[in-house]
Amino acid sequence: MSFFRALVGAVRAARHAPRLAEGLTPDDDVLLDAPDGRLAPALVAAALGDPEPSAKLLATTRDAGEWEDRDRYVRRLATFAYSRGEWLDRWLEAAPRDPDALLVSAQLAVGRAWESPARAERLRELDPLLRPLAEESGRDPVPWRLALDHARGAHAGHAVFEGLWERALLRSPHHYGCHVAALSYLSARWYGSDRAAFDFAEQAADDAAPGSLVRALPVRAAYEALRPPGAGRGPVAPGSSPSGPPAAGHRPDTARIDAAADRGLALSAAFGAGDPWPAEVRNLLAHVLVERERWEEALAEFGRAGPYATSFPWAVGGHDPLRRFLATRDRARTEVARRTPLRERVGTISGRSGPRGH
């Protein structure tokens, strides 16, 4: 009987998979970590050794209080400087006290320390750099997000972390990056538990404004719950997680995971398909939906993501992120096709399928 089902599934996949691909961005058109229209010129100039557009961009975000954009840009610029840092060196030489140059430099230093086998020691050495940067940041929560990531990797105690968290909240009560940093600390892989992470994430999502990415925080908690507990303390980047199935004996709370995915779907639906702003949330949500074998919803979420693939979560575990994104998307498409009856009336993959089994 199982052999018969396999044959039927293969026939269904062959018949329906091409149609299901029509709502997806072609593989060759998918972009990995595509910069937005503000960041792209800064990266091009940095590649040519010119830091001025980056300086202007970050100064604009600081003056305008665009904290979410500022956080993203700082991370991306630091990532770029990891392999091509001449422009950042030039910026620091010309303006050694520029808070934006110092912030990118600190982000870069923390990222490098996270990769060291002696990570905790390396991170503690950065205290003299990070402490004044945060304390002199005014309303800016981004240095405090960086301080939270630093504290987690340096094995800071609960009291120290709570103090940093409270000071971060004073700058921006609903800053997504700070909430992700706190959630990571509370996860079972670090210093908390699945229950603590879900409690925190769900409360934060309830308190967040409509359309805020903080409303997707339970999806992040779900992702953490699906990872092996206690396995994430190797040299991985801040905010990332190990890959692989849950460890033996670890039983994720599937009810809370599915409820988190439902929250994520509601948030995703509030944005237009192909909107780059929620791209990472959509990639993460698609990953969780695949893990839960919610194939139709996963495929629809890949459709909403459009051409925007993100390194997180696909690069975790040393994978080629674009290849893994495309392979997982193709798997979701195949699984939906295998479950679609041969004579089902054809619809679209706009996010809702017709009645199952009809």
Side-chain angles (χ1 to χ4, degrees), residues 33 35 39 42-43 45-47 49-55 57-59 61-62 67 69-138 140-157 160-161 163-165 167-168 171 175 177-178 180-182 184-185 190 232-241 311-312 315-316:
D33 297 330
L39 179 61
L43 290 174
D50 181 8
E52 185 175 354
S54 296
L57 176 61
L58 292 186
T61 62
R62 175 163 42 86
W67 307 129
D69 281 334
R70 178 173 176 80
D71 202 357
R72 292 188 180 199
Y73 296 157
V74 165
R75 292 173 187 263
R76 291 295 303 276
L77 289 169
T79 299
F80 186 79
Y82 185 90
S83 56
R84 303 185 65 175
E86 299 84 0
W87 63 277
L88 180 56
D89 294 336
R90 187 174 300 175
W91 187 2
L92 289 166
E93 290 172 4
R97 300 296 302 166
D98 187 307
D100 302 322
L102 291 173
L103 182 55
V104 174
S105 180
Q107 178 72 60
L108 175 60
V110 168
R112 284 175 169 162
W114 269 77
E115 294 185 344
S116 170
R119 180 177 60 202
E121 292 76 12
R122 288 282 308 278
L123 286 169
R124 292 187 190 111
E125 293 171 359
L126 297 177
D127 279 342
L129 171 65
L130 296 176
R131 189 180 303 274
L133 188 65
E135 292 176 348
E136 298 171 8
S137 63
D140 185 0
V142 180
W144 293 97
R145 187 272 304 159
L146 185 57
L148 290 168
D149 282 337
H150 168 268
R152 175 164 53 94
H155 303 318
V160 172
F161 197 90
L164 293 171
W165 170 246
R167 298 176 75 177
R171 273 73 186 176
H175 183 250
C178 287
V180 170
S184 297
Y185 189 92
W190 289 93
R233 302 192 182 189
V236 293
S240 67
S241 307
S311 289
F312 180 77
V316 171

Nearest-0.5 Å distance that lies between atom CZ in Arg75 and atom CZ in Arg145: 3.5 Å
Heavy-atom donor-acceptor pair, Arg171 side chain to Arg167 backbone, under 3.5 Å: yes
Nearest-0.5 Å distance, CG of residue Leu92 to CG of residue Asp98: 8.0 Å
Expected output: side-chain Trp144 to main-chain Leu164 donor-acceptor under 3.5 Å: no
Minimum-distance pair of heavy atoms, taken over all atoms of Ala78 and Gln107: CB-CG, 3.4 Å
pair Asp140-Leu103: side-chain heavy atoms closer than 4.5 Å: yes
Gap between atom CG of Leu57 and atom CZ of Arg76 - 0.5 Å precision: 12.0 Å
Side chain to side chain, Val104 and Leu108, heavy atoms closer than 4.5 Å: no
List the atom pairs, with distances to 0.1 Å, where a side-chain N or O of residues 120-132 and a protein N or O form a donor-acceptor pair under 3.5 Å, not counting sequence neighbours.
from	atom 1	to	atom 2	distance (Å)
Arg124	NE	Ala154	O	3.4
Arg124	NH2	Ala154	O	3.1
Asp127	OD1	His150	NE2	3.3

Point-to-point distance, once rounded to the nearest 0.5 Å, from CG of Asp149 to OG of Ser184: 7.0 Å
Any donor-acceptor pair under 3.5 Å from Thr61 side chain to Leu58 backbone: yes
Distance (rounded to the nearest 0.5 Å) between Leu146 CG and Leu133 CG: 7.0 Å
Side-chain (Ser137) to main-chain (Ala134) donor-acceptor, under 3.5 angstrom: yes
Ala168 to Leu148 - nearest heavy-atom pair and separation: CB-CD1, 4.4 Å
Atom pair OG (Ser105) and CG (Leu77), whose distance is rounded to the nearest 0.5 Å: 12.5 Å
Closest non-hydrogen atom pair, Ala42 against Pro53: CA-CB, 3.9 Å
Any side-chain heavy-atom pair of Glu115 and Tyr82 under 4.5 Å: yes
Tyr185 side chain to Ala156 backbone, donor-acceptor under 3.5 Å: yes
Non-neighbouring partners of Arg62 that pass side chain to side chain contact (heavy atoms under 4.5 Å, CB included), sequence neighbours left out: Ala59, Arg70, Pro99, Asp100
Heavy-atom closest contact (Arg90 atom, Gly49 atom, distance): NH1-O, 2.8 Å
Validation row: Trp87, Asp50 side chains within 4.5 angstrom (heavy atoms): no
Charged tip of Arg152 within 45° of Phe161 ring normal and under 6.0 Å: no
